[in-house]
Amino acid sequence: MTIPCMIKNQSPSFPHYPFSLHQSHIPQQFIWPDPEKPSLDPPELHAPLVDLRGFLAGEPDALFEAAELIGKACRHHGFFQVTNHGVDARLIANAHQYMDRFFKQPLEEKRRAERKVGEHCGYSSSFIGRFSSKLPWKETLSFEYCAEKGISNGVEDYFCTSVGQDFAHLGKIYQEYCSAMSTISIKIMELLAMSLGVNRAHFKDFFEENESIMRLNYYPPCQNPDQTLGTGPHCDPTSLTILHQDNIDGLQVFVDNEWRSVPPNPDAFVVNIGDTFMVCTVIN
């Protein structure tokens, strides 16, 4: 149902790449055409801050206020932010910390979890094994999470089998993080239902035992950031994306024929509805 994501833009140390990240120019395959290059000073997107404290506490007025804010945002561009969401700040900090630990490993260690052809989970890097154009300047690690009853340790098992026993504790952290994202996504689905004027449990019942993809996006320092993109323009095919950014600007949304920025807020998750949810609402 969802893609919980985390972004990490910079790091003081450098893994091993087939070219030097300190060279004066980036390789040609990473340079994007001028019309598609990033906007250096975009206006800010009005992605409303939705305070979930009252809603989670069961306050009726807060529920209707949150649903109204989300409904307006979704009818315009589909992006909003949630604060006081109930996810432990220490869990979020640990998830970022262990993400750093994974990506700072030597390349040969990360490739133990390399994504296989035709699969959507595993380690992937634009810096190795690809000869193309308009490559994104990033590495990713993706893995599945299943909220279905009886499947309780899928993320932990993935880390043990694919990354190695030395990283079993990462599996525990991301198992907990994914569980928290699943919980908050169901709460957001309740608010989306309210905003559409249907029963509060309308989408909750459908998505409760969801399958999700957790994706860690790592963007190494770049000597020519005006020439490339960390992630190219795209639409999310899922129902929801829940994103936590680090403290570096970079996220942009195309609205009203221009790119607009969503500045980082460590206390908030950025949420956007995806293509699947849009189809669901059209059908309903």
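These numbers come from the heavy atoms of this one structure, side chains and all, not from hydrogens, waters or symmetry mates.
The minimum heavy-atom distance linking Pro264 with Gln245 is given by the pair CA-NE2, 3.7 Å. In terms of heavy atoms, Arg101 sits closest to Asp166 at NH2-O, 4.5 Å. Of all heavy-atom pairs between Leu135 and Thr228, the closest is O-OG1, 3.8 Å. Between Met194 and Ala67, the closest heavy-atom pair is CB-CB, 3.7 Å. For Pro225 against Cys222, the heavy-atom pair with the smallest separation is CD-O, 3.3 Å. Nearest approach of Lys134 to Pro33, heavy atoms of both residues: CD-CD, 3.4 Å.
Taking the side chain as every heavy atom from C-beta outward, Pro42 and Glu258 never approach each other to under 4.5 Å. Residues Phe269 and Val87 form a side-chain contact, since some pair of their non-hydrogen atoms from C-beta on lies under 4.5 Å apart. Side-chain contact between Ser126 and Trp137 is absent, with no heavy-atom pair separated by less than 4.5 Å. Inter-residue side-chain proximity for Lys187 and Glu190 is flagged as met; some heavy-atom pair is nearer than 4.5 Å. The shortest side-chain heavy-atom distance between Leu192 and Leu240 falls under the 4.5 Å cut-off. Side-chain contact between Ser239 and Phe207: present, with at least one pair of heavy atoms (C-beta onward) separated by less than 4.5 Å. In this structure the side chain of Pro233 reaches within 4.5 angstrom of the side chain of Trp259, judged on heavy atoms. For the pair Ile173/Phe159, no side-chain contact is recorded, criterion being any heavy-atom separation below 4.5 Å from C-beta on.
Under a 3.5 Å cut-off, the side chain of Arg260 and the backbone N or O of Pro43 do not form any donor-acceptor pair. Listed for the Gln175 side chain is a donor-acceptor partner under 3.5 Å among the backbone atoms of Glu156. Side-chain N or O atoms of His77 include none that pairs as donor or acceptor with a backbone N or O of Asp256 at under 3.5 Å. Remark: side-chain polar atoms of Trp32 are not paired, donor with acceptor, to backbone N or O of Ser133 under 3.5 angstrom. Between the side chain of Ser182 and the backbone N or O of Ser179 there is no donor-acceptor pair closer than 3.5 Å. Here the side chain of Glu68 pairs no donor or acceptor atom with the backbone of Glu65 at under 3.5 angstrom. Using modelled atom types, no side-chain atom of Thr83 and backbone atom of Asp267 make a donor-acceptor pair closer than 3.5 Å. Judged by distance alone, with hydrogens and angles left aside, the side-chain atoms of Gln227 form no donor-acceptor pair with the main-chain N or O of Ile31 at under 3.5 Å. Side chain of Gln81 to backbone of Ala47: a donor-acceptor contact under 3.5 angstrom is found. A donor-acceptor pair is defined here as one N or O able to donate and one able to accept, closer than 3.5 Å; no such pair exists between the side chain of Ser124 and the backbone of Arg115.
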| query | Hey, mind stepping through Leu63 and Arg200 against side chain to side chain contact (heavy atoms under 4.5 Å, CB included) and telling me if it holds? | reply | CA-CA 10 Å; Leu63 187 158; Arg200 176 174 170 174; 3.0 Å; yes

| message | For Tyr174 and Leu216: C-alpha separation, side-chain torsions, deciding distance, then whether side chain to side chain contact (heavy atoms under 4.5 Å, CB included) applies. | response | CA-CA 10 Å; Tyr174 290 119; Leu216 309 179; 3.8 Å; yes

| message | Between Ile213 and His120, does the side chain to side chain contact (heavy atoms under 4.5 Å, CB included) criterion hold? Intermediate values first, please. | response | CA-CA 9 Å; Ile213 299 293; His120 56 269; 3.3 Å; yes

| request: Give the C-alpha distance, both sets of side-chain angles, the deciding distance and a yes or no for side chain to side chain contact (heavy atoms under 4.5 Å, CB included) between Asn265 and Leu49. | output: CA-CA 10 Å; Asn265 181 343; Leu49 281 173; 3.9 Å; yes

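Note that CZ of Phe64 and CG of Leu191 are 10.5 Å apart. Values are rounded to the nearest 0.5 Å. In this structure, Leu56 CG and His85 NE2 are separated by 10.0 Å, a value rounded to the nearest 0.5 Å. Atom-to-atom distance recorded for Glu144:CD and Met214:CE is 14.0 Å, nearest 0.5 angstrom. The CG atom of Asp88 sits 4.5 Å away from the CZ atom of Arg90 when rounded to the nearest 0.5 Å. The CG atom of Asn217 sits 7.5 Å away from the OG atom of Ser142 when rounded to the nearest 0.5 Å. Rounding to the nearest 0.5 Å places OG of Ser261 at 8.5 Å from CG of Leu251.
Taking the six-membered ring where the residue is Trp, Phe167 and His169 present parallel rings, their angle staying beneath 30° rather than reaching 60°. Ring geometry for Phe103 versus Tyr218: interplanar angle under 30°, hence parallel rather than tilted (30 to 60°). Taking the six-membered ring where the residue is Trp, Phe143 and Tyr158 present parallel rings, their angle staying beneath 30° rather than reaching 60°.
There is a path of hydrophobic side-chain contacts, each under 4.5 Å, that joins Phe206 to Ile186. Leu229 and Val262 are assigned to two separate hydrophobic clusters, defined by single-linkage of ILVMFWY side chains at heavy-atom distances under 4.5 Å. When the side chains of ILVMFWY residues are joined at heavy-atom separations under 4.5 Å, either directly or via intervening members, Leu91 and Ile188 end up in a single hydrophobic cluster.
Within 6.0 Å of the CG atom in Asp61, the count of heavy atoms belonging to other residues, nucleotides or ligands does not exceed 12.
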